[in-house]
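Report on the structure given below.
Not measured: the values here are computed from a predicted model.
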Amino acid sequence: MGTEDADSDDVRRVLEGDLAAFEGIVRRWQGRLVGLAWRFCRDRTTAEDMAQDAFLKAFRSLAAFRGDAAFSTWLTAIALNTYRSRLRAEGPPLLALDEAQAFGVGGGLEQALDGRQRDERVRHAVLTLPARYREPILMFYFHDMDVAEAARTLGLPEGTLKARLRRGRELLKRRCPESA
Amino acid sequence: MNEDAVDRALRSDTIEPSSGFTLRVMDAVRAEAEVPPPLRFPWGRLGLGVAACAALSAAATWLAPDLGRAWDGVAPRLGVALQLGQAALGVAVALTLARLPRLFVRS
């Protein structure tokens, strides 16, 4: 059974009253939802908490799932809205002091940073972008650089998404030039 | 920063859920399912109420000329009606005052 078939089957069973069928949905999608939340907050506990909220919202809204879009797109859109609301309410994630200090520090420091630290700095820099550029970048890479799927999840035309990706990358270059 | 650096940093950026995550979510889902659904807004009753108000307004508009004529007949008797109302109110107050001490004795 494919993932879409399994999802449809589980949704039908949950709506018929079989609560345990929702566990199949959680098991299939927990990695994706926790992974997406992690990209937004970079804290494991918060990410799992946010993903749990997203699953609960999906559970409450399950009757509204019509199957017009793929279940994955529907669920990811719910997760994205949940994470947005959470971050709006709680503010942007706090960066660790040493890594925050690394922003804008040039000279010989970057030579001491290994690739992993550099990657982490780029990820933190993405979180400092305005939401209109941050979300397209996060969703683009979350969907393995699939522009169409990222645009569907965000509810944006593909052209708009590409323009925001380009602008977001330009901002990243300005904010984190030493990572080149 | 070149695009390769961004690609490398952001493509592989993920974590695995902890082992108890599924159980925690399912516990929360079961707790959610046990909560009775919120009461639905009584749209049907609201509709009936609005329809009844509309019908009364229409009837009042339609009957207004007749009511005006009827009022001409009632108006002279209204003074008497007011006096009767005041008398009835006075009797009611007197009876209440007469019963008041008994209420205090019982309590």
Heavy-atom closest contact (A:Arg44 atom, B:Ile15 atom, distance): NH2-CB, 3.9 Å

Atom CD of B:Glu32: over 12 foreign heavy atoms under 6.0 Å: yes

Note, B:Phe21 side chain near A:Val34 side chain (heavy atom, < 4.5 Å): yes

Reported CH2-to-OG1 distance for the pair A:Trp38 and B:Thr14, which is rounded to 0.5 angstrom: 9.0 Å

B:Leu10 to A:Arg39 - nearest heavy-atom pair and separation: O-NH1, 2.9 Å

Separation between CG of B:Asp27 and CD of A:Gln52, rounded to the nearest 0.5 Å: 8.5 Å

Cluster link B:Phe41 to B:Val50, ILVMFWY, side chain under 4.5 Å: yes

CD on A:Glu48 to CZ on B:Arg24, rounded to 0.5 Å: 5.0 Å

Flag for B:Thr22-A:Glu23: side-chain donor and acceptor within less than 3.5 Å: no

Residue pair B:Val25 / A:Phe59, side-chain heavy-atom distance below 4.5 Å: no

Hphob cluster co-occupancy, A:Trp74 + A:Leu15, side-chain heavy atoms under 4.5 angstrom: yes

Between CE on residue B:Met26 and CZ on residue A:Phe55, distance to nearest 0.5 Å: 10.5 Å

Distance (rounded to the nearest 0.5 Å) between A:Met145 CE and B:Arg11 CZ: 5.0 Å

Which atoms of A:Ala51 approach chain B - backbone, side chain, both or neither, heavy atom under 4.5 Å: both

Least distance between heavy atoms, B:Val6 atom then A:Val122 atom: CA-CG1, 4.2 Å

